[in-house]
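Nothing fancy with the numbering, it's 1 onward along the sequence.
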Amino acid sequence: MQRKRLFPSRASLVLVLCQVITALEVPLDLQDKLPQPPTITQQSPKNYIVDPRENIVIRCEAKGKPPPSFTWTRNGTHFDTEKDPLVTMKPNSGTLEINIMNGGKAETYEGEYQCTAKNDRGTAVSNVIFIRQSRSPLWTKEKIEPIVIQQGMPLVLPCKPPKGLPPPIIFWMDNFFQRLPQNGRISQGLNGDLYFSNVQPEDTRDFYICYARFNLTQTIHQKQPISLKVLTNSPVDNRPPTFLMPSGHTSNKTVLKDEVLLLECIAEGLPTPEIRWNKEGAELPSNRVFYENFNKTLKIIGVSEADAGRYRCTAQNNRGSIHHVTTVIVKAAPYWITKPENLVLSPGDDGTLICRAHGNPAPTITWLINGVAVELAPNDPSRVVDGDTVIFTRVHEQASAVFQCNASNIYGYVLANAFVNVLAERPRILSSQKVYQVIANRPALLHCKSFGSPVPNIEWFKGVQSSVLHGNDYTFHNNGTLEVPVAQKDSSGTYTCVARNKLGTDQKIIKLEVKDPTMIISQPEYRVVQRYGSASFQCKFKHDPTLAAEVMWLRNNSELPMDERYTFEKERLTIKNITEKDKGTYTCMANTTLDSASASAELNVVEPTQPPPVKTDRPDPPFDLELTDRLDRSVQLSWVPGDDNNSPITEFIIEYEDAIHQPGVWHVHSKVSGTQATATLTLSPFVNYSFRVIAVNEIGYSDHSESSERYMTKVAEPDTNPSGIRGLGSEPDNLVITWKPMKGFDSNGPGLQYKVSWRQKDVDEDWTSVTVANVSKYIVSGTPTFVPYEIKVQALNDLGYAPEPAVVIGHSGEDLPMAAPDNVEVEVINTTLAKVRWDPVLLMSVRGHLHGYRVYYWKAQNITNRNRRHIEKWMLPFNGNKTHGMLPGLQPNTNYFLNVRVVNGKGEGPSSKDKYFETPEGVPSVAFLHISHRTPDSLTLTWSPPAHPNGVLTQYTLKYQSINATHELSPPVEITILPNETSYILANLVQNTRYKFYFYAHTAVGPGSQSTQEAITAMDEAGVRPPAVGAGKDSFFATSTVMYTVHPTHFRAQPVIPLIKNITAAETSATVLWNFENVDAKLFVKYVELNKEDWKEETINGTRSIFVLKGLSPGTSYRVRVYSDDLTDLYSEETFQTGPAMASRQVDIATQGWFIGLMCAVALLILVLLIVCFIRRNKGGKYPVKEKEDAHADPEIQPMKEDDGTFGEYSDAEDHKPLKKGSRTPSDRTVKKEDSDDSLVDYGEGVNGQFNEDGSFIGQYSGKKEKEPVEGNESSEAPSPVNAMNSFV
């Protein structure tokens, strides 16, 4: 047995060597032209999981010559694709498409598929493709009990996802679809379970939901939620770690080569343990190892046999440690060591196919021929199968076949197709190059690549009818290349390559040209140059005249930088303004397409010697001006430059004088380079020229040279015509033609005139012309009104006309429009906006350029304004041919008239018929609220009706709240008042208490803008307690009323600035009382008369809380501020008025009759008033106090009073309306604006201001919606005085 095995082994070695010698290599460009067995080029993966919602496509592509045909097997038996209507095979392909979309079921087509590609030279087979349908099953229904666990205990929430295909991706989320946070204490295991090393109170939640995402089917399923409650009544003690995963102290893990190794250790303990990894006896591969899941997972990618071993994970906290050892075993599916390669042989050749694979366990090698086991294939004495090798001896042409090598073990298989292609082909020469060029004295390689089977012999011939080349003068390579080791001029000529085998011959003629070498004949020389100097390198060379050559310069073997200091001129390099960075080696390279030559030289830069100082100045003027080459339209001017005074001349400026048209005036003709001393000047006819020249350098301009002799050019016709031609009428019956007159310089001769021509456009008539001189306007009379005219103006002189001018379109004069717009319609959009429409007038009636339309509108006269002589009207222009527009800023509940007029350049046409329209009612403006009288238990409120009721008033609403000493607001009280009332007495109030009032009027549309006031009831003589502190920067004292303009903040705070509590004013003095708790601070009191700025200041100790202002003027209003030195920008400010001056002399009139009668009348009047007040008070008590507020308030910011500079009684954006008890939401008492279909572009042009979409002016009312004060004490607090004051800083 051993002797029998010995010979085949030796034979394999011999034949392997023979294969290297005799096997053919088919060039790429011939592979598709020669007969060839099939080769599989594309196939689906071995494990192919398909989406059941899409068609199944099983790929199988192959190439061969002739093109192969395809068949399939399914589960080991023939699969007839033609009998299944849902299965189609692509033309010229083996790819199958199973039409699942038209009723097929993917599970029906599960199984093992294999493709076969066959032609007359063999059969190739694909891998076995295992088709399986993707599955995404649901969780089985189960009842999950809530989990209750003690704080600090470990916990595992099981996921147990369904086993899908492919396996799903697991993640945990809450009921808001937010991923649950994970960390070192809480993490998800590889099996999908959620592990808690120790539970904490924050882990309590009702929804722990495990999700499974199946990517292929794009579906996500969820498990029933798990509820977790962590008890904190008996937390457990700290404890050392134990492993939740894996169990025990050791475990085994098997992983396949090249796959990913995942090892997991999850530990519980208190405090949370930390995980560390190491490998016993070896280092972990740093470039392939990763630590994931908060160090609980060890991941190694690209596993190899060296990764086998014992891996230790250690869990440790401050109570102890524990470890687990995992033994990793690396197995391997088969993989190639030597994959069989295609073999091309000639008849009678020998060869081998070798198939070697490794794996763990070692794979089994199985050979097939054309898809059939070797044992079942037809016997062929030219081949022998010896284990992993197939040996071929003296093959014949019918031995072509495709061999399959299958290496398999328990973990998988690899399959390779390799064909043996026995070819008999006559020789073909494949080289395409016909001419070879080479430099003399260098080797020349003439290629003759060929193919034939058997391999052809190559022979070379030189010239015509010569013998075969041989000898030491030539070298013959195995690939057919002829080498001339040292080519000389006499080596040039034609060479013939002949390829022969037993099936035929092929030949190719090749030309060899031997060229002269490129040589440097003058090398650049070493240079030493001072800094800022210049240097030149010259490099002369010669080359073969039939080759193109170029010179390239290098510095220190690198290309020269892009710098204007480097200039190239043929074979010379010049460097200007040299610096130290230019120092180095400069190389000249002369390049041709075949060779190159180079030479180098050094450039050294040294410091310059200190030259004597050079005085520079502006240049001297040029001289010796001379005119030559005198022509009609040009002349040559030459000059001699003056001294440049050590600053190079950069340019010359040439000026000229026209002695005929502008004597004594010099104009710039042109500018030339400072290196020129001559210039050819372009001239105009009929000009008496004189020239002079000015030199320019960096210092400045020279004086001008002496003037040249004069040169008079000949006259000629004008070259140009006038510009700026226009035709506009000044009257309805004329046409005014104007133009920009030409200068005498452009006349080109004497007698400059203008030929003015015109004719009516689009009318068949001749031009009318007139010739004028010394004018730039001509009036054509008797024209029709506003018709287009063609106009042209042509220049002429005594010699003739200028070229034909361009035609300009003008119009005769305009007249006022004749017609008025018809069908004027008005659509009222809302209370302040209306839309007007009209029909356009006929263009012929406009009698001019249509500028647009004007809409005039005015209020209809009523009893109030009927006697006015002048009615105020408003106008809105609308440009162009618009037929509609918007009228903004109208007054609600008002009657209007409007009309429309068309406008042209002459003016307005007649107006349309007056159109009447009415605006609907709106909400009223602010009703000013005043506090006219106060007693300890009552306040008298008065008001004026709204300046703009915008409708019929239906009622007034008064709301008020008390403010206690802790800045808290009482529940609001609401009172409804008849619209004809102008005062109200509020009784049963608490003495010395601050109240806040909210007041607004109503129309049928709704409530109007709100007015806000605060007041304090009077203190009885005993003075029970100081007044309550109000919220905000402004407070009310004495009898003055103050408007508040800040939002309350609902919290209590001690004043951080002095807060004025009360001001008691006398005739010439006032007592100021404040709250402040910083006794270490220094206080300042400043006061000034209203509308003045000459503040007076007093310094006070911080322990004081009262100060008397003296020397005040009687009956005068003052402002007073109190602030501290640590917050000078924050202060409390109030206004007050001193009492009236007492009469200096009293007259006793008590005994006079007229006085007694007057007093009686006053007493009677007071009695009547008391009775009326008593009746009104009782009547007012019958009105119920509303508990429900209006939910549509929208206070507006109102302007300041202009008379005294103080805040008026309009409600500011910071004021607050009462709220319902316990409410913190702002009231929204807004009037709904109606929508408009028109865009802002419909508003008339020229109206100042901007408009909202409802037509109201932006800025007219721009306040924020107020928050109403809070009722009750359960959660609300008074506004902070600090914030209130900050709002005014």
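Ring-plane geometry between His811 and His849 is classed as perpendicular, the angle between the planes exceeding 60 degrees on a 0 to 90 degree scale with a lower cut at 30. Tyr853 and Trp838 have tilted rings, their planes meeting at an angle from 30° to 60° on a 0 to 90° scale.
Checked for salt-bridge contact, Arg692 and Glu657 miss the test: no charged N lies under 4.0 Å from a carboxylate O. Under 4.0 Å is where a charged nitrogen must lie from a carboxylate oxygen, and between Asp516 and Lys542 no such pair does. Using a cut-off of 4.0 Å between Lys/Arg side-chain N and Asp/Glu carboxylate O, Lys755 and Glu804 are scored as not salt-bridged. Taking a cutoff of 4.0 Å between a charged side-chain nitrogen and a carboxylate oxygen, Lys761 and Glu790 do not qualify as a salt bridge. Electrostatic pairing of Asp658 and Lys743 does not count as a salt bridge here, judged by no charged N lying under 4.0 Å from a carboxylate O.
In this structure the side chain of Glu571 reaches within 4.5 angstrom of the side chain of Phe541, judged on heavy atoms. Within the 4.5 Å cutoff, the side chain of Thr771 has no heavy atoms near those of the Val756 side chain. For the pair Asp632/Thr713, no side-chain contact is recorded, criterion being any heavy-atom separation below 4.5 Å from C-beta on.
Taking CG of Asp766 as the reference point, atom OG of Ser757 lies at 11.5 Å (rounded to 0.5 Å). Asn604 CG to Glu580 CD: the interatomic distance, rounded to the nearest 0.5 Å, is 10.5 Å. The line from CZ of Arg854 to OG of Ser911 is 13.0 Å long, rounded to the nearest 0.5 Å. Ile725 CD1 to Ile737 CD1: the interatomic distance, rounded to the nearest 0.5 Å, is 9.0 Å.
Counting only distance, with no hydrogens or angles, the side chain of Arg901 and the backbone of Gly909 share no donor-acceptor pair below 3.5 Å. Looking only at distances, no side-chain donor or acceptor of Thr883 sits under 3.5 Å from a matching main-chain atom of Pro840. For Thr785 (side chain) and Pro732 (main-chain N/O), a donor-acceptor pair under 3.5 Å exists by modelled atom type. Side chain of Ser638 to main chain of Thr678: no donor-acceptor pair is present (N/O by atom type, distance under 3.5 Å, no hydrogens or angles). No donor-acceptor pair closer than 3.5 Å links the side chain of Asp629 to the backbone N or O of Gln636. A donor-acceptor pair is defined here as one N or O able to donate and one able to accept, closer than 3.5 Å; such a pair exists between the side chain of Arg847 and the backbone of Leu816. Between the side chain of Ser596 and the main chain of Asn591, no donor-acceptor pair closer than 3.5 Å is present. One N or O on the side chain of Asn748 and one on the backbone of Glu717 form a donor-acceptor pair closer than 3.5 Å.
The six-membered or imidazole ring of His667 lies away from that of Phe745, with a centre-to-centre distance of 6.0 Å or more. Here Trp553 and Tyr566 keep their ring centres 6.0 angstrom or further from each other.
Nearest heavy atom pair, residue Tyr532 against residue Thr579, reads CE2-CG2, 4.2 Å. For the residue pair Asn697 and Ile699, the shortest heavy atom distance occurs at OD1-N, 2.9 Å. In plain terms, the two heavy atoms of Pro784 and Tyr789 that are nearest each other are CD-OH, 3.3 Å. When all heavy atoms are compared, the tightest approach of Leu512 to Ser491 is CD2-O, 3.4 Å. Of all heavy-atom pairs between Leu603 and Ile575, the closest is CD2-CD1, 4.1 Å. Ser702 and Pro619 make their closest contact through CB-O, 3.0 Å (heavy atoms, listed as atom of the first residue, atom of the second, distance).
Environment of CG in Asn556: crowded, with over 12 heavy atoms of neighbouring residues, nucleotides or ligands closer than 6.0 Å. No more than 12 heavy atoms of other residues, nucleotides or ligands shown are found within 6.0 angstrom of CE on Met519. Applying the 6.0 Å contact sphere to CD of Glu525 captures no more than 12 heavy atoms from other residues, nucleotides or ligands. When the shell of 6.0 Å around CG of Leu843 is examined, it contains 12 or fewer heavy atoms from other residues, nucleotides or ligands. Shown here is Glu765, whose CD atom has more than 12 heavy atoms of other residues, nucleotides or ligands within 6.0 Å. Residue Glu569 places its CD atom among 12 or fewer non-hydrogen atoms of other residues, nucleotides or ligands, all under 6.0 Å distant. In Tyr701, the OH atom is not crowded: 12 or fewer heavy atoms of neighbouring residues, nucleotides or ligands sit closer than 6.0 Å. Within a 6.0 Å radius of CD1 in Ile509, no more than 12 heavy atoms belonging to other residues, nucleotides or ligands are found.
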Notebook entry, point to check: Going through the distances and angles, do Ile654 and Leu681 end up as a side-chain contact (heavy atoms from CB on, under 4.5 Å)?
Noted result: CA-CA 9 Å; Ile654 302 172; Leu681 308 180; 3.8 Å; yes
Next item on the list: Could you please spell out the steps behind the salt bridge (Lys or Arg N to Asp or Glu O under 4.0 Å) verdict for Asp582 and Arg527?
Entry: CA-CA 12 Å; Asp582 297 316; Arg527 292 280 188 270; over 6 Å; no
Next item on the list: Assess whether side-chain hydrogen bond (donor to acceptor under 3.5 Å, both in side chains) is satisfied between Ser600 and Thr587, documenting all intermediate values.
Entry: CA-CA 4 Å; Ser600 301; Thr587 302; 2.7 Å; yes
Next item on the list: Start with the C-alpha distance between Tyr689 and Phe691, add both sets of side-chain angles, then the distance that settles ring-ring contact (aromatic ring centres under 6.0 Å, His included), and finish with yes or no.
Entry: CA-CA 7 Å; Tyr689 282 100; Phe691 300 97; 5.4 Å; yes
Next item on the list: Please lay out, stage by stage, how Ser690 and Ser708 fare under the test side-chain contact (heavy atoms from CB on, under 4.5 Å).
Entry: CA-CA 6 Å; Ser690 180; Ser708 70; 4.3 Å; yes
Notebook entry, point to check: After noting the C-alpha distance and the side-chain angles of Ser634 and Thr680, does the key distance pass the side-chain hydrogen bond (donor to acceptor under 3.5 Å, both in side chains) rule?
Noted result: CA-CA 7 Å; Ser634 66; Thr680 300; over 6 Å; no
Next item on the list: Evaluate the side-chain contact (heavy atoms from CB on, under 4.5 Å) criterion for residues His704 and Trp666: first the C-alpha distance (whole Å), next the side-chain angles of each, then the deciding distance (0.1 Å), finally the verdict.
Entry: CA-CA 11 Å; His704 57 78; Trp666 291 87; over 6 Å; no
Note to self: Run Val775 and Lys777 through side-chain contact (heavy atoms from CB on, under 4.5 Å) and show every step you take.
What the structure shows: CA-CA 6 Å; Val775 295; Lys777 178 173 70 173; 5.8 Å; no
Note to self: With side-chain hydrogen bond (donor to acceptor under 3.5 Å, both in side chains) as the criterion, how do Gln488 and Asn441 come out once you've worked through the C-alpha distance, each side chain's angles and the decisive distance to 0.1 Å?
What the structure shows: CA-CA 6 Å; Gln488 302 294 331; Asn441 299 319; 2.9 Å; yes
Item checked: Chi angles and distances behind the side-chain hydrogen bond (donor to acceptor under 3.5 Å, both in side chains) call for Tyr801, Asn721 -> CA-CA 9 Å; Tyr801 289 89; Asn721 288 301; over 6 Å; no
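For the salt bridge (Lys or Arg N to Asp or Glu O under 4.0 Å) condition, no pair includes a residue of residues 584-593, sequence neighbours left out. Applying the salt bridge (Lys or Arg N to Asp or Glu O under 4.0 Å) rule to pairs touching residues 584-605 yields nothing, sequence neighbours excluded.
At least one test fails for Arg726 against the ring of Trp739: distance under 6.0 Å to the centre or angle within 45° of the axis. Annotation: cation-pi pair Lys792/Trp767 present, NZ/CZ under 6.0 Å from the ring centroid and within 45° of its normal. Cation-pi check for Lys671 over Phe652 is not met; the charged atom does not lie both under 6.0 angstrom from the ring centroid and within 45 degrees of its normal.
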